[in-house]
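Each chain gets a letter, A, B and so on, in the order the sequences are listed, and its residues count up from 1.
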There are 2 protein chains.
Amino acid sequence: MEMTQRKQKILAAVVESYIRTGEPVGSKNLLGELDFSVSSATIRNEMADLAEMGYLEQPHTSAGRVPTTLGYRYYIDKLMNKLEPTEEDRKAIAKTVSSGSGDPEQLLEKAGEVIARLTGCAAVSTMPLGEKATVRRAEIVPVGTRTAMIVLLTSAGTLKSKACRSDMPITPQTVERFYSVCAAHFVGKPLEDISTVMLQTLVASLGEHALEMSSFFVTLADLAADALSSDVLLEGQSNLFNHRELGGNIIELMEFLRKGEPISKLLSKGKDDIDIKIGTENEYKQLANSSVIISHYDVNGARSGALGIIGPTRLNYAKLIPYMQFVSGLVGDILSESIED
Amino acid sequence: MEMTQRKQKILAAVVESYIRTGEPVGSKNLLGELDFSVSSATIRNEMADLAEMGYLEQPHTSAGRVPTTLGYRYYIDKLMNKLEPTEEDRKAIAKTVSSGSGDPEQLLEKAGEVIARLTGCAAVSTMPLGEKATVRRAEIVPVGTRTAMIVLLTSAGTLKSKACRSDMPITPQTVERFYSVCAAHFVGKPLEDISTVMLQTLVASLGEHALEMSSFFVTLADLAADALSSDVLLEGQSNLFNHRELGGNIIELMEFLRKGEPISKLLSKGKDDIDIKIGTENEYKQLANSSVIISHYDVNGARSGALGIIGPTRLNYAKLIPYMQFVSGLVGDILSESIED
DNA sequence: TTTTAGCACTCTGTTGTTTCGAGTGCTAAA
DNA sequence: TTTAGCACTCGAAACAACAGAGTGCTAAAA
């Protein structure tokens, strides 16, 4: 069966109506939405065809039709008219997003906030990651006689720190020695180089000071790993409660969102600027009833991180896709400006 | 009406049975739980008295009885037999809690985790706060030509940092100047001294360099404020979903937990070592259906922070109160050891 | 005076029945 | 190919019937 123009129009109308109301849409209700006049019987026939073709389905025999994953996909790829954000919205967003102090984390937090508010979905974002980030500085700062903070600053502008306990008292010489070892071996080198294995050989070469230093280096490796694994920010989680159709899965969904790794993977995956996964298109089963729209941002020309929203499958794609593109573009621009290389 | 010993036994049995099962408890069910034999009619009479006295209530006319806030309170204060954690449990907890690297945040995270797991509640904790903390070090680290990280290290061992954008290029001289100004004016002084007002006068006194420095100082004030407002950690939030009786309030409750300030207030409030608020005893209406058990910990003899659990009112107080005391004691000990002054 | 047995009563939750309405698929005529 | 008409299906809501748990009260027993 081939896809006629009339079928397309009907499919689009069904999708849009369902997105708007959340109710299965019946043949009669559709009459008003179409720009041509036919009877409801004709529409019924067409809808039956579309159902057979896999674009629509019925929750039960005597209900209206609901788009399938395939239906949404066709709509998004071929039928949808994008709805660019208004000048007004753009300004409001830009104002909120840039209201921070220039701190990347704060920036992404604001961006997530504004997205969550505007879309009524949960917003996720990843910090600009420094895959090729190098060590800019590493040092220890004594806190107690046997405790110190290890501080690691990367070229990507992230600073990580962690307390660390030593078996031996920390002297100014320890501090000095650590600093110079780091300066000699790490500064300017990529973060990946600070692996536990590599550190073991290094510690071995330190001879008599190996003992007092080893715990510091272990912590340093922790920090490096931490700096490499891009942080995930989550906003508007509770918006999900407003979407009835997510049903009992909400709890699992929220649990899923809480642990960052899968989200981080999700966001880092797509190759295109914008990436849309509808319901079962998602590889995580917790997202089988949800859609995600992921928009990547570039910092100084390099793909660096992404912003995403997660909500029910009946998202207002026509509006949200351009919105996400706009916000991620904005974030990329601001970050590019602030993180020069 | 006075409280006879028999009434006390019945009240205790009702509370314990309700805590165990979550079902309103009827007169017949209670027969087996008591160490004396009377008929169900007698118990009914006594329960009616207890209800009249305000310790019990009925969800509806023909249901069993449920403890009121007052009932729980009486039980906890006068009737309860504390159930100290077993040696086994103590060891398991101690092992988990001390498995971190000596970082206070990680320590509290682990503690919260273990509490959440053990109790099936949401766990909250505040970082050791440094009310009397002083500035140990403050500096800027250039990231781009016009961007820098401001880093603030306090005597309490917390390190805060934030990116900041400057209107003018940042030169090594800027870094040096900032460092020396901080060394002269802030190091050793309490964090509260870095107020915006104080900074304004300072900036004014800097003359020609005022402009290039001002944004850094503003950020520094942010950091100081941030370091003073103790961070709140939250674990096991989703455990709350397992408690049916929280009902529709769960959403509000989770929203409430998400924003840290009220929690921070809640935890910093109590004067006693342990602090129990049952249902409506809580001043926040979002907690009206919940109980909180807060246990404070001391670092080097000074009240520094607290751990708490939040769950339904039918908590197993007899078990959880000693548990919380144990964990907070443990946390205090470990922190005292690692943060020497 | 206190305890107990007995009984009528109340309230909830469940189950089954009915009804209503929305929407469909099919058939036959336009 | 389209449309009108109609029988049919299914879910949601409304309603009645009922079982079960538990109570309060009364009157007898201890």
Side-chain angles (χ1 to χ4, degrees), chain A residues 1-11 13-15 17-18 20-68 71 244-245 247-248, chain B residues 1-11 13-15 17-18 20-68 71 244-245 247-248:
Chain A
M1 195 172 315
E2 91 274 37
M3 177 62 96
T4 64
Q5 203 186 355
R6 192 167 71 180
K7 282 196 175 59
Q8 290 188 332
K9 282 186 178 173
I10 290 175
L11 176 55
V14 170
V15 171
S17 168
Y18 184 66
R20 194 156 16 83
T21 67
E23 298 292 324
V25 5
S27 50
K28 260 185 206 153
N29 293 318
L30 221 48
L31 286 178
E33 322 263 337
L34 295 168
D35 60 354
F36 54 89
S37 308
V38 287
S39 75
S40 65
T42 308
I43 299 191
R44 273 207 291 289
N45 288 330
E46 295 283 49
M47 293 211 298
D49 288 352
L50 286 167
E52 201 184 327
M53 293 160 80
Y55 295 120
L56 298 178
E57 66 183 349
Q58 293 175 283
H60 51 264
T61 330
S62 79
R65 296 304 208 297
V66 165
T68 60
R244 187 81 29 106
E245 61 265 53
Chain B
M1 195 172 312
E2 91 274 36
M3 177 62 97
T4 63
Q5 201 185 355
R6 192 168 70 179
K7 281 195 176 59
Q8 289 188 333
K9 281 186 178 173
I10 291 175
L11 176 54
V14 170
V15 171
S17 168
Y18 184 67
R20 194 157 14 86
T21 67
E23 298 293 325
V25 5
S27 49
K28 258 184 207 154
N29 293 318
L30 221 49
L31 286 178
E33 322 264 337
L34 295 169
D35 58 356
F36 53 89
S37 306
V38 286
S39 76
S40 66
T42 308
I43 299 192
R44 273 206 290 289
N45 287 331
E46 295 283 50
M47 292 211 298
D49 288 350
L50 285 167
E52 201 184 327
M53 294 160 78
Y55 296 119
L56 298 178
E57 67 183 348
Q58 292 175 283
H60 52 264
T61 330
S62 79
R65 297 304 207 298
V66 165
T68 60
R244 188 81 27 105
E245 60 265 53

**Study point:** Selection from C/dT3, D/dT23, C/dG25 that lies nearest to any side-chain heavy atom of B/T42
**Key:** C/dT3
Point to revise | Protein-nucleotide distance (B/K28, atom NZ; C/dC7, atom P), rounded to Å | key: 13 Å
Practice item. Quick one: stems involving DNA chain C, counted as three or more successive Watson-Crick or G-U pairs, both distances short of 3.5 Å. Key: C:1-30 with D:1-30
Review point. Side chains of A/L11 and A/M3: closer than 4.5 Å at any heavy-atom pair?
Key: yes
**Study point:** Check: B/V38 and B/R6 side chains under 4.5 Å, non-hydrogen atoms
**Key:** yes
Practice item. Output yes when a side-chain donor or acceptor of B/S17 lies under 3.5 Å from a complementary backbone atom of B/A13, and no otherwise. Key: no
Got a list of protein N/O to nucleotides 26-30 of chain C N/O distances below 3.5 Å?
none

Exercise for review: State which of C/dA22, C/dA5, C/dT24 makes the closest approach to the side chain of A/S62.
Suggested key: C/dA22
Revision key, fill the gap. When rounded to whole Å, the CG to C1' distance for the pair B/L30 and D/dT23 reads 14 Å
Practice item. Check the distance between C/dC11's C1' and B/Q58's CD and give it to me in whole angstrom. Key: 11 Å
Exercise for review: To the nearest Å, give me how far apart CD1 (B/I10) and P (C/dT3) are.
Suggested key: 10 Å
Review point. Backbone N or O of B/I43 within a donor-acceptor pair of the B/S27 side chain at under 3.5 Å?
Key: no
Review point. Do the side chains of A/V25 and A/E33 get nearer than 4.5 Å, heavy atoms only?
Key: no
Review point. Closest to the B/M47 side chain: C/dT10, C/dA5, D/dT23?
Key: D/dT23
Study note, to complete from the structure: Which of C/dG25, D/dC10, D/dA4 is nearest the side chain of A/S39? It is D/dA4
**Study point:** Spacing between A/D49 atom CG and C/dG25 atom C1', to the nearest angstrom
**Key:** 13 Å
Point to revise | Shortest non-hydrogen contact from A/V66 toward A/P59 | key: CG2-CG, 4.0 Å
Exercise for review: Could you tell me whether the side chain of A/I10 reaches within less than 4.5 Å of the side chain of A/V14, counting heavy atoms only?
Suggested key: yes
**Study point:** Rounded distance (Å) that lies between atom P of C/dG13 and atom CZ of B/R244
**Key:** 13 Å
Check your understanding: For the pair made of CE in B/M1 and C1' in C/dT2, what is the distance, rounded to whole Å?
Key -> 15 Å
Check your understanding: Would you say A/T68's side chain and A/E57's backbone share a donor-acceptor pair under 3.5 angstrom?
Key -> no
Check your understanding: Taking atom P of D/dA21 as reference, at what distance in whole Å does atom NE2 of B/H60 sit?
Key -> 13 Å
**Study point:** Side chain of A/T61 (C-beta onward), nearest among C/dT4, D/dT9, C/dT3
**Key:** D/dT9
Exercise for review: Check whether any side-chain nitrogen or oxygen of A/R65 sits under 4.0 Å from OP1 or OP2 of C/dA22, and answer yes or no.
Suggested key: no
Practice item. Considering non-hydrogen atoms only, spot the tightest contact between B/M47 and B/L56 and give its length. Key: O-CD1, 4.3 Å
Practice item. Start with the C-alpha distance between A/K7 and A/Y55, add both sets of side-chain angles, then the distance that settles side-chain contact (heavy atoms from CB on, under 4.5 Å), and finish with yes or no. Key: CA-CA 10 Å; A/K7 282 196 175 59; A/Y55 295 120; over 6 Å; no
Practice item. May I ask you to say what A/S40 touches in the nucleic acid, namely base, sugar-phosphate or nothing, with a heavy-atom cut-off under 4.0 Å? Key: nothing
Review point. Taking the side chain of B/R6 as heavy atoms from C-beta outward, which of D/dC10, D/dA4, C/dT3 is closest to it?
Key: C/dT3
